[in-house]
2 protein chains.
Amino acid sequence: MFSKACEYGIKAMIYIAQAGEGGRLVSLKEIAAEIQSPVAFTAKILQLLSREGILLSTKGAFGGFQLAAAADKINLAEIVKAIDGDRVFNGCGLGLKECNALKPCPVHFKFAAFREQLADMLQTTNLHELAAGLKKGVSFLYR
Amino acid sequence: MFSKACEYGIKAMIYIAQAGEGGRLVSLKEIAAEIQSPVAFTAKILQLLSREGILLSTKGAFGGFQLAAAADKINLAEIVKAIDGDRVFNGCGLGLKECNALKPCPVHFKFAAFREQLADMLQTTNLHELAAGLKKGVSFLYR
DNA sequence: TTTATTAAGGATAAATTTGTCCGATTTATC
DNA sequence: GATAAATCGGACAAATTTATCCTTAATAAA
Ligand code: FES
Ligand code: FES
């Protein structure tokens, strides 16, 4: 579904939303430990999210990462798009170069409906609600 | 979403359903040409589908492949499961080792609903209806 | 029996994704 | 200014997926 990089990216963003409340900077080391991801690989992903402008980084001692906007203003679609591109949102289910309703693949109409629903879910799910579940202890970033 | 192998596998099965009506054997060469896939790689996938029992192969001159059951009795879920395994049907959206509603990841309840819909779509879509669209010329296997 | 055609399968190669290492840079504190 | 803590970024390595090559085996037709 999502690439490993994207999975890590989403988890990292959720964790930062939860741990970085009040503007506290969250370090790469802490993030990787909490989401159980390889440190250096996670660094690459956070760098990318910073370049994309949905994450802010601060170098130096006591530096770290913080969300570039309020947690309830950042949705999953932004993160997925930044890391995996938009194939998730408009790619053909059978891998044709582009999805096109005028020359559709055999599964197009069944697939497009469902892809639409996924896009909708990603767009309407924000980091605030996801972080809330974490804080309440009803959801988890690893197991 | 699906692996390249799975995309080729689905397209191949749809093509065989359409071109193999009346029990005619369809050759690897023809299949690869019609779905525009690399011949040898496609061979591996068809071998796998044969081992899985949803495709029948016949060696020798005028040999080829045919569906192991009537086209309307083979659904997409079987093909996907044979090639990509069942992670599509029960894998965690954030890559946790297993999806578990008792210790869910933050996106579990949003994701599981949608995964359910995908599984449903795959289970209720059979090769007969997909091949019909092809034959009518309203859908295409490449572009 | 020979030949042509076709799938099976093992070995290998290329491409992509995932992951590691390390030096450079930035910043707070001593 | 020196030191320690932290991100940045380039090069590299490992793992996985995708793709190719080639030999063997099976089968039909000449
Ligand atoms: S053309 Fe394949 S999903 Fe639209
Ligand atoms: S635990 Fe992640 S989707 Fe169910």
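Lettering of chains follows the sequences in order, A, B, ..., and the numbering in each one begins at 1. Since we're looking at a predicted model, the values are computed, not measured.
- In terms of phosphate contacts, B/Ser57 brings a side-chain nitrogen or oxygen within less than 4.0 Å of OP1 or OP2 of C/dA8.
- When side chains are defined from C-beta on, A/Leu122 counts as touching A/Phe89, because their heavy atoms get closer than 4.5 Å.
- Protein atom NZ of A/Lys29 is 16 Å distant from nucleotide atom P of D/dC8, rounded to whole Å.
- Place B/Ser50 and A/Ala5 on DNA chain C by their nearest nucleotides, and B/Ser50 ends up nearer the 5' end.
- Among the atoms of the strands shown, only primed sugar atoms or phosphate atoms (P, OP1, OP2) are found under 4.0 Å from some heavy atom of B/Gly63.
- Side-chain N/O atoms of B/Tyr8 include one lying less than 4.0 angstrom from OP1 or OP2 on D/dA19.
- In this entry the distance linking CG of B/Leu25 with P of D/dT27 reads 12 Å, nearest Å.
- For B/Phe65, taking side-chain heavy atoms from C-beta onward, the closest of the listed nucleotides C/dG10, C/dA8, D/dT7 is C/dA8.
- Atom CD of B/Glu116 is surrounded by 12 or fewer heavy atoms from other residues, nucleotides or ligands within 6.0 Å.
- One finds no side-chain N or O of A/Arg51 lying less than 4.0 angstrom from the OP1 or OP2 phosphate oxygen of D/dC8.
- Following rounding to the nearest Å, A/Leu49 (CG) and D/dG9 (P) show an atom-to-atom distance of 13 Å.
- For B/Ala40, the listed nucleotide lying nearest its side chain is D/dT20; candidates were D/dA6, C/dA8, D/dT20.
- Of the possible polar contacts, one joining the A/Arg143 side chain to the B/Lys103 backbone as a donor-acceptor pair under 3.5 Å is found.
- The CD1-C1' distance, from B/Ile45 to C/dA7, rounds to 15 Å in whole Å.
- Side-chain proximity of A/Pro38 to the nucleotides C/dA28, C/dA8, C/dG19 is greatest for C/dG19.
- Where A/Lys59 and B/Lys4 each meet DNA chain D at their nearest nucleotide, the meeting point lying more 5' is that of A/Lys59.
- Going from atom CZ of B/Phe62 over to atom C1' of C/dT3 covers 13 Å, rounded to whole Å.
- Summary of the strand contacts: A/Phe41 and A/Thr58 both lie near DNA chain C, and taking for each the nucleotide with the nearest heavy atom, the more 5' one is attributed to A/Phe41.
- Between A/Gln47 atom CD and C/dT26 atom C1' there is a gap of 14 Å when expressed in whole angstrom units.
- Straight-line distance from the CD1 atom of B/Ile35 to the P atom of D/dA19: 11 Å, rounded to whole Å.
- In this structure, B/Leu55 atom CG and C/dT6 atom C1' are separated by 14 Å, rounded to whole Å.
- Base pairing annotation: C/dC30 forms a Watson-Crick or G-U wobble pair with D/dG1, both donor-acceptor distances under 3.5 Å.
- Between the B/Glu78 side chain and the B/Asn75 main chain, a donor and an acceptor come within less than 3.5 Å of each other.
- Tested against B/Met13, the residues B/Leu76, B/Ile74, B/Ile35 include a single side-chain contact (heavy atoms from CB on, under 4.5 Å) partner, B/Ile74.
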